[in-house]
2 protein chains.
Amino acid sequence: MTGRITITDVAQAAGVSVATVSKAINGRDGVSRATLAHVMRVVDDLGYESSLVATSMRRSRTNVIGVLVAEFEPFALQLLRGVSDALRDTRYDVLSYAGTVSAGEHHGWERRSLSRLGGTLIDGAILVTPTIAPDAPIPTVAVDPHVGTSRPATVSVQNVAGARAATEHLLTLGHRRIAHLRGRTDLESAQQREEGYRAALDAAGIRYDPALVADGGYRAAESTAGAHALLDLADAPTAVFAANDVSAIEMMRVATERGLRAPDDLSVVGFDDIPEAASHAPQLTTVRQPLLEMGAAAVRMLLAMLDGTEPDGVRMPTELVVRASTAPPRG
Amino acid sequence: MTGRITITDVAQAAGVSVATVSKAINGRDGVSRATLAHVMRVVDDLGYESSLVATSMRRSRTNVIGVLVAEFEPFALQLLRGVSDALRDTRYDVLSYAGTVSAGEHHGWERRSLSRLGGTLIDGAILVTPTIAPDAPIPTVAVDPHVGTSRPATVSVQNVAGARAATEHLLTLGHRRIAHLRGRTDLESAQQREEGYRAALDAAGIRYDPALVADGGYRAAESTAGAHALLDLADAPTAVFAANDVSAIEMMRVATERGLRAPDDLSVVGFDDIPEAASHAPQLTTVRQPLLEMGAAAVRMLLAMLDGTEPDGVRMPTELVVRASTAPPRG
DNA sequence: GTGAAAGCGCTAACAA
DNA sequence: TTGTTAGCGCTTTCAC
């Protein structure tokens, strides 16, 4: 709990000016071998490390990449892991920041975070499920972006195909009353997943029933009401395609609470394949997104941007993973 | 990619001084209602957000809590999630930092990270599996600390009991050649888990065989050699208690690579119960640590410290979770 | 009620 | 080779 050791402390202890210490630390020339050695020894003795904050105020580069998230939920965490792995053995450190989503102020967290950290602290940012595309002060890559993104620097997946495969899986099992627990409608991914759901129904000649679509917002807390609403229906669905895994899991939780079992009474398919999907009981049938690879792709794009080139966006494949939460309808 | 909007821009646009803008933003008094309203409107128009960096250089408080990790691996990520959840609805934002572990320089990352962020940027830190106890410039809580921690502010679990339960489970199944894939020996947890392993063997009257203990370092990459070594043994083990889940999973991977199957040819038990444990095939039998609760506990302790009180350390219970990676030995 | 000025820790011109 | 100085964006005295 002692105060931090600053460059001034080092300078004093070494009997030189702070400028000399700064040069020594950063390997600039204009420092004699003797002074360099001496300063470095004092640095070691005192255990001095330069303050990231002060350094980044003065310098343009910090060699830190920021992963900006609204919330540390499983999707973001897996992505973070992919980013971090990809950044190992580069000169970059990783810093992840979750700005407070002050009650309802969901919108705009990315602008706030970017504004607070960008230009200082981080050299580039990876935005996870951003709501808007703020004009960033630094190179920025968006993962699973909002709708209508015009900038090329985005990483996303084949949502339509994935959602369609999920729905077709349920159709193949014999389900006809298939509900959809929708995602965050401001995100492109949620809209595309709903589109895939409807396309599959269309192709099967099943009329779209708006009553079978409820809002889940990609979050457990926001899915609860929707899950109940679907099960309250007079002609309740026998299967649900949830827009992501956490809402699928919440769907099953609500069903269980009401005395229904998956997959016997209700089949449920998710989307994402977060680690929790396979550890749930029953194991969740879901559409796999290659989250670690997506993190790595985001890193590649960001490094390219930092190098001055403007990379193309990437859209990665998805894959249906059939597990235990789906079965033919009863009766 | 436009330059950041600074307080100076706001001041200029509003036709007032930066001091006035600062006061307005921070709700200090000494600003007329009219000026306040006017400044706030300009702030909104320009989309200004104060720079975290600049602010934290000048102020002592930043209302940001740092979670400092060596690496974003599953254990740290789950903990981060717990911390983040616990910090919701407080005035604190979460920032997580993984300093580069420059080849071999594993030791001391926490001192570097703390030094670079502490005193500025973050008000308090949660250190995940720190190797040493640096005297921190700010309140600090250690989760799963190194050996011989003297400070009270630590969060850990009942490692001995957990490890003992894991080993006893294997004994009960009928195993006698039980190996141990050790963890990071600089951490208290790894030593205690080995202790629990040996205690269980002792109690069962089985002589400890040093050849059956290999190093895993809690990491997949470091477990590979140890896993091979154990399987290379003339009298190979029929079961392995790995010090954490990632090394248990690596153990199984190596076994599979060599044509062995879990649990038929080799039973494996892990420790942690990260989400990946249950999603692995076969599902991993493991010792559960309440990771989310541990994150929440760390937050409680840290907030107490920020309030000026010195909290006691906590040690949480573990629980054996039997899944599919363990079975009686063959023959 | 408002603004000028100092200074947080650091780096980069520039002078000596 | 070294030190002096200015200034990054912000907050905080302290004059006015």
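Sequence lines set the chain letters: A, B, ... in the order given, protein chains first and strands last, and positions in each chain run from 1.
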Have a look at S56(A) and say if it touches a base, only the backbone sugar-phosphate, or nothing, with a 4.0 Å heavy-atom cut-off. nothing
Counting only side-chain nitrogens and oxygens, does [X] get under 4.0 Å of the OP1 or OP2 atom of [N]?
{"X": "S17(A)", "N": "dT4(D)", "result": "no"}
{"X": "S32(B)", "N": "dT2(C)", "result": "yes"}
{"X": "T20(B)", "N": "dG1(C)", "result": "no"}

Distance in angstrom units between H38(B) NE2 and dG1(C) P, rounded: 18 Å
In whole angstrom, what separates D29(B)'s CG from dT11(D)'s C1'?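 Result: 15 Å.
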Sequence neighbours excluded and cut-off under 3.5 Å, please list the side-chain donor-acceptor pairs for residues 293-308 of chain B, or say none.
none

When you measure from the side chain of N244(A) to the backbone N and O of Y218(A), does any donor-acceptor pair fall under 3.5 Å?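 It does hold such a pair.
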Indicate every side-chain donor-acceptor pair of residues 40-51 of chain A with a distance under 3.5 Å to a residue at least two apart or in another chain.
from   : atom 1 : to     : atom 2 : distance (Å)
S51(A) : OG     : V53(A) : N      : 3.2
S51(A) : OG     : A54(A) : N      : 3.1

A correct 5'-to-3' footprint of nucleotides 8-14 of chain C, with B, S and - meaning base, sugar-phosphate only and no protein heavy atom under 4.0 Å, is BBBBB--
Suppose the criterion is salt bridge (Lys or Arg N to Asp or Glu O under 4.0 Å): which pairs have a residue in residues 5-32 of chain B, not counting sequence neighbours? none
Any salt bridge (Lys or Arg N to Asp or Glu O under 4.0 Å) involving residues 72-90 of chain B? Give me the pairs, sequence neighbours left out, ordered by first then second residue.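 Matches after skipping sequence neighbours: E71(A)-R88(B), E276(A)-R81(B), D85(B)-R88(B).
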Return a table of donor-acceptor pairs under 3.5 angstrom between the side chains of residues 30-39 of chain B and protein atoms on other chains or two or more places apart.
from   : atom 1 : to     : atom 2 : distance (Å)
S32(B) : OG     : T35(B) : N      : 3.1
S32(B) : OG     : T35(B) : OG1    : 2.5

